[in-house]
Amino acid sequence: MKDLETRYLERLSELYPTIARASTEIINLQAILNLPKGTEHFLTDIHGEYEAFSHVLKNGSGAVKRKIDDVFGNTLSAKDKQSLATLIYYPKEKIRQVKKYENNMEDWYKINLYRLVEVAKRAASKYTRSKVRKSLPADFAYVIEELITEKAELNDKEAYYSEIISTIIKIGRAEQFIQAISKLIQRLVVDHLHIVGDIYDRGPGPHIIMDKLINYHSVDIQWGNHDVVWMGAAAGQRGCIANVIRICARYGNLDILEEGYGINLLPLATFALSVYGKDPCKCFALKGEDRHNQAEMDMDVWMHKAISIIQFKIEGQIIQRHKDFGMEDRALLHRIDYEKGTICLEGKEYKLLDTNFPTIDPKDPYALTDEEEEVMERLERAFAGCEKLQEHTRFLLAKGGLYKVYNNNLLYHGCVPLNEDGSLKEVEIFGNKFKGKSLYDALDRYLRKGFFALKEEDRENGKDIMWYIWQHPCSPLFGKDKMATFERYFLAEKETHIEKKNPYYRFLEDETVVDSIMKEFDLDVQDAHIVNGHVPVKRKNGESPVKCSGKVLVIDGGFSKAYQKETGIAGYTLIYNSHGLLLVAHEPFESTEAAIKKESDIHSDYMVVKRNLDRCLVGDTDDGKRIKEKIEDLKLLLAAYRSGEIIEKI
């Protein structure tokens, strides 16, 4: 053991080769522990709504406006504060608009440069100078550092700082400088971003959101079921591919695949036209806004039906292949009486709304036709060969997981599967039994095998697990007894559409059950929270996102436009700063254009969930624990230097 410790200290000495270097680092780290903790920003269930997501990201769920209020108080009017906030969110676009009516741009630049510098100072005040320096834009790093480290009480350099501002304007760099410092402010008001699942599906821009997240300074992702089905599609899992295409078609968003990811859907379109071109496909009408002309909508509807039938066949094959999944009740095509146009479910016969199934062989209903097989082979190659989708999937794998424990908060998208009595539900996967945290860990491992396993069998099982996570009743990301996709398309009877939720959702107000979940994930129940997405909170019906006296925060409030009629709002987000937890409820976002021209920010209501009596410091966080461990290691290194066990490298 001693040899292992010595080897470790030898490696550490390569980073800190002298007593002076090690001592300086201890001093720096000890000081950092006493800074205020950075602001964490939580978002969930974005569902491709990139404009609203981008705006909330820019305004930090109101964090930018709070900084402006802190700096200027009552010395600026509400209108001037909103103008400054809009400038920080959209500097390039706002300047372009101002130029149309402002006669004296030099004065406008000077006023706003001073204001921006003051906001940047306040935003940077809780960080070390080293961390701020690393965040500075390269083109203006020196100038911004000089301006934001100016001390208000010192007059000796007043002329110096004024001349910097004047020179920036004189040499024609004011616009670029404003853009740079505005991005710096956005960067500094939020230290870390948590995405609690469902970046994908329904909305038109998940690929744009993924590009933004890849370039974000600090982020983690808890996968949602919609994210996992896209990951499965990227891995080439046919059931996932079919689901991804079907949902894009259902919401009129096939452009995501064709233009966003460059996936060729022509083989599917050609097949759909030849088979369903004369079929009205009334059960497959598109949802959401009409964004296409009639011919494009007709083609989307035909493709929608074509891929749906293919999906039901492929899912039947998966269910037959994996008897261990126990999903035989969701293989439905063999339950249809094709002559009568009915289906028998749970002993009751129902009339189908659509009985045109030209590609289904009643004797072998789950077999793909030769044409369908060719379509799927080409789609598999397209998804697997899509460089951008593979890049996004690698990012999800690197930054994501099924859950995360961070600063004594437990983050996950769906639910912890429970029994009817509130105890942890035991789930069997590939012959092994898991529950609670071990279930999450096992599913995470199996999913990653779908991308990285060397054995073909392990890799294929890993791919199928992604489909399992998407819709299995025991999946923590789904949490319902069935996914009634077939019933919603083909049956009028609403009772067949019901998807019964896991008992978890009944126990969200039960402190004993909630505490047991927290203990399962090794949290201190006295000061812990569960941050949960997945099921929209129906605020218009009086439902609260705050459960169990504040221990559980369900922050899916309807980012997706498809949910907003149901929820009454446009999403919840959560802010966790050094003062406490702040829940933010957002009204629907009009548009980026309106945000710039009308300076119409998202109207948000705030609720303090938890207020710290003493300001939370870095030393109180997970990062603080790691820093303290590093300090102890450095102290051991100092002792080794001083004892002569390790020699300084001068």
Side-chain angles (χ1 to χ4, degrees), residues 237-247 249-250 267-287 298-323 325-379 464 467 470-473 481-499:
Q237 210 285 337
R238 285 188 168 191
C240 294
I241 290 172
N243 271 281
V244 162
I245 298 172
R246 177 184 62 79
I247 295 170
R250 184 174 178 80
L268 176 62
T270 304
F271 167 75
L273 178 62
S274 67
V275 176
Y276 300 104
K278 296 181 180 179
D279 186 336
C281 299
K282 291 182 180 178
C283 295
F284 295 87
L286 308 186
K287 288 186 173 288
D298 288 343
M299 179 58 75
D300 280 2
V301 167
W302 297 328
M303 294 170 72
H304 186 189
K305 182 170 182 178
I307 198 63
S308 297
I309 299 302
I310 290 173
Q311 176 189 315
F312 299 137
K313 289 184 176 185
I314 289 171
E315 289 183 339
Q317 294 172 13
I318 298 169
I319 290 166
Q320 290 173 343
R321 184 165 70 244
H322 284 287
K323 300 290 186 185
F325 285 0
M327 294 182 67
E328 288 82 1
D329 61 326
R330 299 312 301 155
L332 302 179
L333 298 185
H334 70 283
R335 304 174 194 275
I336 296 174
D337 186 321
Y338 291 91
E339 291 184 1
K340 292 170 62 179
T342 61
I343 187 170
C344 187
L345 298 176
E346 298 181 3
K348 186 175 179 180
E349 190 173 64
Y350 296 94
K351 186 73 175 175
L352 296 173
L353 297 173
D354 184 338
T355 58
N356 182 33
F357 302 117
T359 68
I360 296 179
D361 178 359
K363 296 178 182 177
D364 190 6
Y366 301 109
L368 298 178
T369 65
D370 290 344
E371 293 81 5
E372 288 172 327
E373 179 64 35
E374 183 181 355
V375 167
M376 287 308 301
E377 285 178 359
R378 294 181 68 175
L379 286 171
D464 289 345
W467 178 84
W470 161 243
Q471 64 170 282
H472 195 280
D481 66 334
K482 66 179 179 182
M483 188 175 284
T485 307
F486 181 94
E487 291 89 336
R488 287 194 297 269
Y489 281 123
F490 290 105
L491 301 180
E493 291 79 4
K494 295 295 184 183
E495 72 265 18
T496 66
H497 302 182
I498 296 171
E499 299 171 340

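Source: prediction; values computed, not measured. Starting from 1, each residue takes its place in the sequence as its number.
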Output field: ring centroids H304/Y489 closer than 6.0 Å: yes
Trace of the salt bridge (Lys or Arg N to Asp or Glu O under 4.0 Å) decision for E487 with K494: CA-CA 9 Å; E487 291 89 336; K494 295 295 184 183; over 6 Å; no
Side chains of Q471 and E315, donor plus acceptor under 3.5 Å: yes
Any donor-acceptor N/O pair, R250 side chain to K287 backbone, under 3.5 Å: no
Close side-chain approach of T485 and E499, heavy atoms under 4.5 Å: no
Pairing of K313 and E372 as salt bridge, 4.0 angstrom limit: yes
Side-chain (Y366) to main-chain (L333) donor-acceptor, under 3.5 angstrom: yes
Side chain to side chain, I318 and M327, heavy atoms closer than 4.5 Å: no
F284 vs I307 side-chain heavy atoms within contact, under 4.5 Å: no
CD (E339) with more than 12 external heavy atoms under 6.0 Å: no
Taking every non-hydrogen atom, the tightest pair across A331 and G316: CB-CA, 4.4 Å
Polar side-chain atom of Q237 near backbone of C240 as donor-acceptor pair, under 3.5 Å: yes
Approximate separation, where rounding is to 0.5 Å, of Y338 OH and D361 CG: 9.0 Å
Minimum side-chain heavy-atom gap N243-W470 below 4.5 Å: yes
Side chain to side chain, T355 and F490, heavy atoms closer than 4.5 Å: no
Heavy-atom side-chain proximity of E371 to T359 below 4.5 angstrom: no
Distance (rounded to the nearest 0.5 Å) between C281 SG and N356 CG: 7.5 Å
Ion pair E373/R378, N-O distance below 4.0 Å: no
Shortest non-hydrogen contact between L353 and C283, atoms and distance: CB-SG, 3.5 Å
K340 bridged to E349 by N-O distance under 4.0 Å: yes
Ionic contact status for D354 with K305, cut-off 4.0 Å: yes
Considering all heavy atoms, the nearest P358-V275 contact: CG-CG1, 3.6 Å
Spacing of E374 atom CD and L379 atom CG [to the nearest 0.5 Å]: 10.5 Å
Heavy-atom pair of closest approach, residues A249 and D300: CB-O, 4.2 Å
Spacing of CZ belonging to R335 relative to SG belonging to C344, to within rounding of 0.5 Å: 8.5 Å
Where T496 and A484 come nearest, the two heavy atoms and their spacing: O-CB, 3.9 Å
Proximity of F357 and F312 rings by center, below 6.0 Å: no
Check: D279 main-chain N/O paired with W302 side-chain donor or acceptor under 3.5 Å: yes
Validation row: M303, L273 side chains within 4.5 angstrom (heavy atoms): no
Worked verdict on M483 versus R330 for side-chain contact (heavy atoms from CB on, under 4.5 Å): CA-CA 8 Å; M483 188 175 284; R330 299 312 301 155; 5.8 Å; no
Separation between CD1 of I241 and CE of M376, rounded to the nearest 0.5 Å: 5.0 Å
Check against side-chain contact (heavy atoms from CB on, under 4.5 Å), I336 and T342: CA-CA 6 Å; I336 296 174; T342 61; over 6 Å; no
Side-chain donor/acceptor of H472 to backbone N/O of K482, under 3.5 Å: no
Heavy-atom check, side chain of K348 versus side chain of E495, under 4.5 Å: yes
Worked check of side-chain contact (heavy atoms from CB on, under 4.5 Å) between L345 and Y350: CA-CA 8 Å; L345 298 176; Y350 296 94; 4.0 Å; yes
Separation of I343 CD1 from L332 CG (nearest 0.5 Å): 5.0 Å
